[in-house]
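Written below as structure tokens is the structure these notes are about.
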Amino acid sequence: MKSYRTYALALGVLFAAFVAVEYYRPKPISWQETFSNKDKIPYGTYVLYEVLPDLFKNQPVSMVRLPVVNQVEEKEAQKKDSGATKVNYVFVNSEMKLGSQDLQALLRFAGRGGQVFISAHRFPSRLEKALGVKTRFSKKTKQDSLGLVFTHPQLANNKPVYYAWEKVDNTITLDSSAFKTTVLGRNTAGDTNFVQVHYGKGSFYLSSVPLAFTNYYVISPQESTYAAQALSHLPVAPVWWDEYQKQGPVGENSVFRVLLEHEALTWAYYIALGSLLLFVLFESKRTQRIIPILEKPRNTTLEFVKVIGSLYFNHRDHHVIAEKKVNYFLEYLRLHYFEATSTLDQDLETRIAHKSGVEEKEIAELFRIIRHVKSSDSLQEQILWQLNKKLESFYRQASR
């Protein structure tokens, strides 16, 4: 037991040391484009979400974890945040996805005065068709970098903000003139990448350079102004920041999902499961009920015979004991030598001597004593002793 505890303690110390090392060791940088406001990695939007209150002074900034249709209908049911009130609904993602009901809700939201800001590499085809726009890659000759500029008179004289070409080469083309559209931004190659589509009482602001709003560029001294100037086109109003399309609905983050998001916790979780499995496997064997040892059944026949014999001997009934021994001997002859024992004559003695291998002289002496026992009513101890001695001698020689 002591050695078992020592091994268990050593295993626990090693496990704790492993978890500590995994937790504190430098993590490799993730370049995944999550666009999530909880991620501080280069392509998360943690920084931008934190500075939104400064960009929209005295206006509430809310994180939305509901589908568009649910968010719009829920707020429309409330007078305070009804669709008639100006709200900036902001989407920043790699690719925006909208179902038909979400699209109708979003169009209804904008038509009643809401402002929808969408920055994505690709827009939903339904939305592009509804607004008469389309996204595509720039067909201009690729260069090392590409600058972004605004067309607003107050921003037109600013110097272009340069990014790597492949990060901001998505452009927006206008396919129809169903709605009034204003170009708000272009790249230095002349392609449009930021437009305002007036829809009802509100507007859609479409940007095809979502990476410009991520942590990597927002905290950079050279590119930090672009995101703030792009969002400055929105009116100063409450902000709904969509995280539903990136994190899903509230409650989806189960304990296991958190564990599996971090490598150290994932290893700890799997090791704990393995340790629990080993504990159940070995401990269940140790606690199994001990199988009792069953002794072989004892043959008490001989003891019974000795007890009965002692009983007759103590009562000095020698004749009865002698008769029982004689009867047992005659039964032995019938079973082993197949001889009839009704007549104890000279011929029987000769045949028994031949079959048993015992000298005929000893057989004759034994038969003489037996005939004496059968012919008398009482018996002396000395005769019983001689009978027993001759019988044991016969059995011993006959069994060779």
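If you read the sequence from its start, that first residue is 1, and numbering goes on from there. Computed from a predicted model, the values in this text were never measured in an experiment.
Among all heavy-atom pairs drawn from Asp54 and Lys57, the shortest one is O-CE, 3.2 Å. Across all non-hydrogen atoms, the minimal contact from Leu211 to Thr214 is O-OG1, 2.6 Å. Minimum interatomic distance between Pro210 and Ser119 (heavy atoms only, all atoms of both residues): CA-OG, 3.0 Å. Of all the heavy atoms in Tyr49 and Ser62, the pair that sits closest is OH-C, 4.1 Å. Nearest heavy atom pair, residue Lys140 against residue Ala189, reads NZ-O, 2.5 Å. In this structure, Ala212 and Val218 approach most closely via the heavy-atom pair O-CG2, 4.0 Å.
Using a 30° and 60° split on the angle between ring planes, Trp267 and Phe18 fall in the perpendicular class, above 60°. Ring orientation note: the planes of Tyr226 and Phe150 are close to parallel, at an angle under 30° on the 30°/60° scale.
Within the 3.5 Å criterion, the main-chain N or O of Gly113 finds a donor-acceptor partner in the side chain of Gln115. Within the 3.5 Å criterion, the main-chain N or O of Leu98 finds a donor-acceptor partner in the side chain of Arg126. The backbone N or O of Gly147 sits less than 3.5 Å from a side-chain atom of Thr188, completing a donor-acceptor pair. Looking at Asn187, its side chain never comes within 3.5 Å of a backbone N or O of Thr192 through a donor-acceptor pair. Side-chain N or O atoms of Ser376 include one that pairs as donor or acceptor with a backbone N or O of Ser378 at under 3.5 Å.
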Q: Starting from the C-alpha separation in whole Å, work towards a yes-or-no answer on side-chain contact (heavy atoms from CB on, under 4.5 Å) for Ile370 and Leu366.
A: CA-CA 6 Å; Ile370 291 175; Leu366 176 59; 4.0 Å; yes

Q | Residue pair Thr350, His354: steps toward the side-chain contact (heavy atoms from CB on, under 4.5 Å) verdict | A | CA-CA 6 Å; Thr350 302; His354 289 167; 3.6 Å; yes

Q: Show the numbers, then the answer: is there a side-chain contact (heavy atoms from CB on, under 4.5 Å) between Ile118 and Leu127?
A: CA-CA 11 Å; Ile118 303 174; Leu127 181 64; 3.5 Å; yes

Q. What's the verdict on side-chain contact (heavy atoms from CB on, under 4.5 Å) for Lys246 and Asn93, showing C-alpha distance, side-chain angles and the deciding distance?
A. CA-CA 8 Å; Lys246 291 168 281 188; Asn93 203 352; 3.7 Å; yes

Q: Given side-chain hydrogen bond (donor to acceptor under 3.5 Å, both in side chains), test Thr181 with Gln196 step by step and report yes or no.
A: CA-CA 6 Å; Thr181 304; Gln196 178 185 7; over 6 Å; no

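No more than 12 heavy atoms of other residues, nucleotides or ligands shown are found within 6.0 angstrom of NZ on Lys134. Surrounding CD of Gln101 are at most 12 heavy atoms belonging to other residues, nucleotides or ligands under 6.0 Å away. By the 6.0 Å contact criterion, CZ on Phe137 is open, its count of non-hydrogen atoms from other residues, nucleotides or ligands being 12 or less.
Here the OG atom belonging to Ser138 is positioned 6.5 Å from the CG atom belonging to Leu146, to the nearest 0.5 angstrom. Here Leu387 contributes atom CG and Phe329 contributes atom CZ; the two are 9.5 Å apart, rounded to the nearest 0.5 Å. In this structure, CD in Glu128 is found 10.5 Å from CZ in Arg122, a value given to the nearest 0.5 Å. Atoms NZ and CG, from Lys86 and Leu234 in turn, are 11.0 Å apart once rounded to the nearest 0.5 Å. In this structure, CG on Leu231 lies 5.5 Å from CZ on Phe213, to the nearest 0.5 angstrom. For the atom pair CG of Asn215 and OG of Ser220, the computed distance is 12.0 Å after rounding to the nearest 0.5 Å.
The closest side-chain heavy-atom distance from Thr135 to Thr171 is not below 4.5 Å. Counting heavy atoms from C-beta on, the side chains of Ile29 and Pro42 come closer than 4.5 Å. Using a 4.5 Å heavy-atom cutoff, the side chains of Thr173 and Val133 are not in contact. His372 places a side-chain heavy atom less than 4.5 Å from the side chain of Ile383. Looking at heavy atoms from C-beta onward, Phe304 lies out of side-chain contact with Val307 at the 4.5 angstrom threshold. Contact of the Tyr244 side chain with the Asn70 side chain is not registered, since no non-hydrogen atoms from C-beta on lie closer than 4.5 Å. At least one side-chain heavy atom of His233 sits under 4.5 Å from a side-chain heavy atom of Leu155. Annotation: side chain of Val209 is not in contact with side chain of Asn170 (no heavy-atom distance under 4.5 Å).
For Gln397 and Ser393, the side-chain atoms include at least one donor-acceptor pair closer than 3.5 Å. Using modelled atom types, one finds a donor on one side chain and an acceptor on the other under 3.5 Å when comparing Asn388 with Lys325. A donor-acceptor contact closer than 3.5 angstrom links the side chains of Asn37 and Gln247. A donor and an acceptor atom, one from each side chain of Gln386 and Glu381, are nowhere located under 3.5 Å apart. Side-chain atoms of Thr34 and Asp39 include a donor-acceptor pair closer than 3.5 Å.
Residues Val92 and Leu66 do not share a hydrophobic cluster, defined by chaining ILVMFWY side chains whose heavy atoms lie under 4.5 Å apart. In the hydrophobic cluster analysis, where Ile, Leu, Val, Met, Phe, Trp and Tyr join through side-chain heavy atoms closer than 4.5 angstrom, Met96 is grouped apart from Tyr43. Residues Phe56 and Trp240 do not share a hydrophobic cluster, clusters being chains of Ile/Leu/Val/Met/Phe/Trp/Tyr side chains in contact below 4.5 Å. Taken together through direct or relayed side-chain contacts under 4.5 Å among Ile, Leu, Val, Met, Phe, Trp and Tyr, Phe117 and Leu174 form parts of separate hydrophobic clusters. Under the 4.5 Å side-chain heavy-atom criterion for ILVMFWY residues, a single connected hydrophobic cluster contains both Val68 and Phe123.
Note on residues 143-166: no pairs pass side chain to side chain donor-acceptor pair (under 3.5 Å), not counting sequence neighbours.
Between Arg186 and Asp191, none of the side-chain N atoms (NZ, or NE/NH1/NH2) sits under 4.0 Å from a carboxylate O, so this pair counts as no salt bridge. The pair Glu349-Arg371 meets the salt-bridge criterion, since a charged nitrogen lies less than 4.0 angstrom from a carboxylate oxygen. In summary, Glu339 and Lys355 engage in a salt bridge, as defined by a charged side-chain N under 4.0 Å from a carboxylate O.
Ring to ring, Tyr89 and Phe109 are close: their centroids are under 6.0 angstrom apart. Separation of the Tyr332 and Tyr395 ring centroids falls under the 6.0 Å cut-off.
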